[in-house]
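Below is one structure, written out as structure tokens, with a few remarks after it.
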Amino acid sequence: MMRAVTFRAFGGPEVLEAVEVERSEPGIDDVLVRIHAAGVCYHDVLSRAGKIPGGKPGRILGHEIAGEIVAAGANVVPARIGERVVIYQRLFCGTCGYCLAGRQDLCRNSRVIGEQGGGGYAEFACVPVRNAIRIPDGLDMTAAALAVCPVGTSVRAALGVAALEPGQTVLITGAGGGLGLHQIQVAKSVQARVIAVTSSSDKVESVRAAGADEVVVAPDLKFSGEVWRLTGKQGADVVLENVVTGTFGESLRSCAQHASVVVLGNIGARPIELDPGLVIMRRIRIAGSGNATFKDVRTALHLLASGAVKPIIGHILPFPQAAQAHALMERRAVTGRVVLAGW
Ligand SMILES: [Zn+2]
Ligand SMILES: [Zn+2]
């Protein structure tokens with residue numbers, strides 16, 4: 001048996017409760033990981049509320065997991081027992097064209113740990129050994145838990161999808177959010193120039209501390225004029241759109257010729273308007289981005305271990321206080337991540 005946090009019915013944060021559940025035993029290609037830290041993602045909040053298709057109550061949430069390998073199946077090199085690892089969050093097939101091309105995030109035959117059970121809000125998790133990625137020495141477990149998401153997600157968007165290069169200008173909307181604050185640092189790690197947009201002057205300090213070169217405070221969501229001025233009428237080469245609803249038109253107007261706009265946000269969860277003329281005239285490329293690949297997580301771990309990206313953690317709470325962690329996330333009362341650690 002093991003301790004875990006789960007929920008009997010969809011609902012508010014209070015449905016989360018610490019219980020005893022059966023502990024799964026590793027199959028021949030699996031490892032058993034004793035979990036030290038698990039990040040709380042907004043995705044978990046949506047799952048608990050029943051807003052993710054295919055979700056079911058009774059599952060153990062959490063896909064941002066760091067811990068130690070404590071047991072392994074017969075096919076696993078015994079030397080890996082005792083290793084500190086983060087768990088790659090997708091259980092992927094490993095044989096399809098996408099997986100073989102290193103794009104485990106696109107695998108049609110994959111699922112995210114936690115969303116369908118077996119997640120991080122527990123004492124142990126059992127996963128295929130190939131999902132266990134070694135944590136570099138000197139990087140602590142709470143920081144490492146952020147490697148999958150939000151740091152890995154930021155690596156995918158900025159360095160993967162947008163292929164951001166030194167000297168390019170990147171515009172980041174919703175820059176004061178958990179994703180934005182890590183995207184700023186990932187962009188600075190390749191010496192890009194960061195223009196950060198936030199709707200709230202309360203966030204200016206944390207956005208600057210994360211390394212933004214310029215901060216545009218736009219409570220009315222009008223920022224393209226300021227971006228035009230800051231770039232000498234050249235525009236931004238890359239836009240990381242964490243908001244989209246109410247900002248997308250301004251983001252397109254902020255674009256340089258042949259800019260890339262990476263769509264990550266879906267705040268309003270409804271269609272938006274698009275000016276095709278502007279997209280054609282400026283040859284703008286619009287692309288979606290999501291989960292990190294395996295390689296992105298390794299890059300994220302390197303950026304965290306080298307200090308290029310500092311994990312932004314607002315609260316560390318023990319696992320039985322998962323309900324409080326969710327409540328903090330829902331009220332957006334926290335800068336950066338909430339991480340569960342210890343019982
Ligand atoms: Zn996440
Ligand atoms: Zn696959």
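For ligands, and for the atoms within them, numbers begin at 1 and follow the listed sequence.
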Between Ser224 (side chain) and Ser254 (backbone), is there a donor-acceptor pair under 3.5 Å?
-> no
Validation row: Asn266, Val244 side chains within 4.5 angstrom (heavy atoms) | no
OE2 (Glu64) - the Zn ion (ligand 1) - SG (Cys149) angle, nearest 10° | 90°
Expected output: side-chain Glu250 to main-chain Phe223 donor-acceptor under 3.5 Å | yes
Please state the angle at the Zn ion (ligand 1) spanned by NE2 of His63 and SG of Cys41: what is it, rounded to 10 degrees?
-> 110°
Is it true that some N/O/S atom of Asp44, main chain or side chain, lies under 2.8 Å from the Zn ion (ligand 1)?
-> no
Rounded to 10 degrees, the angle SG of Cys93 makes with SG of Cys99 at the Zn ion (ligand 2) = 120°
Give me the ring orientation class for Phe319 and Trp343: parallel if the planes are under 30° apart, tilted from 30 to 60°, perpendicular past 60°.
-> parallel
Tell me whether His43 has at least one N, O or S atom under 2.8 Å from the Zn ion (ligand 1).
-> no
Parallel, tilted or perpendicular, as decided by the 30° and 60° cut-offs, for the rings of Phe92 and Tyr88 | perpendicular
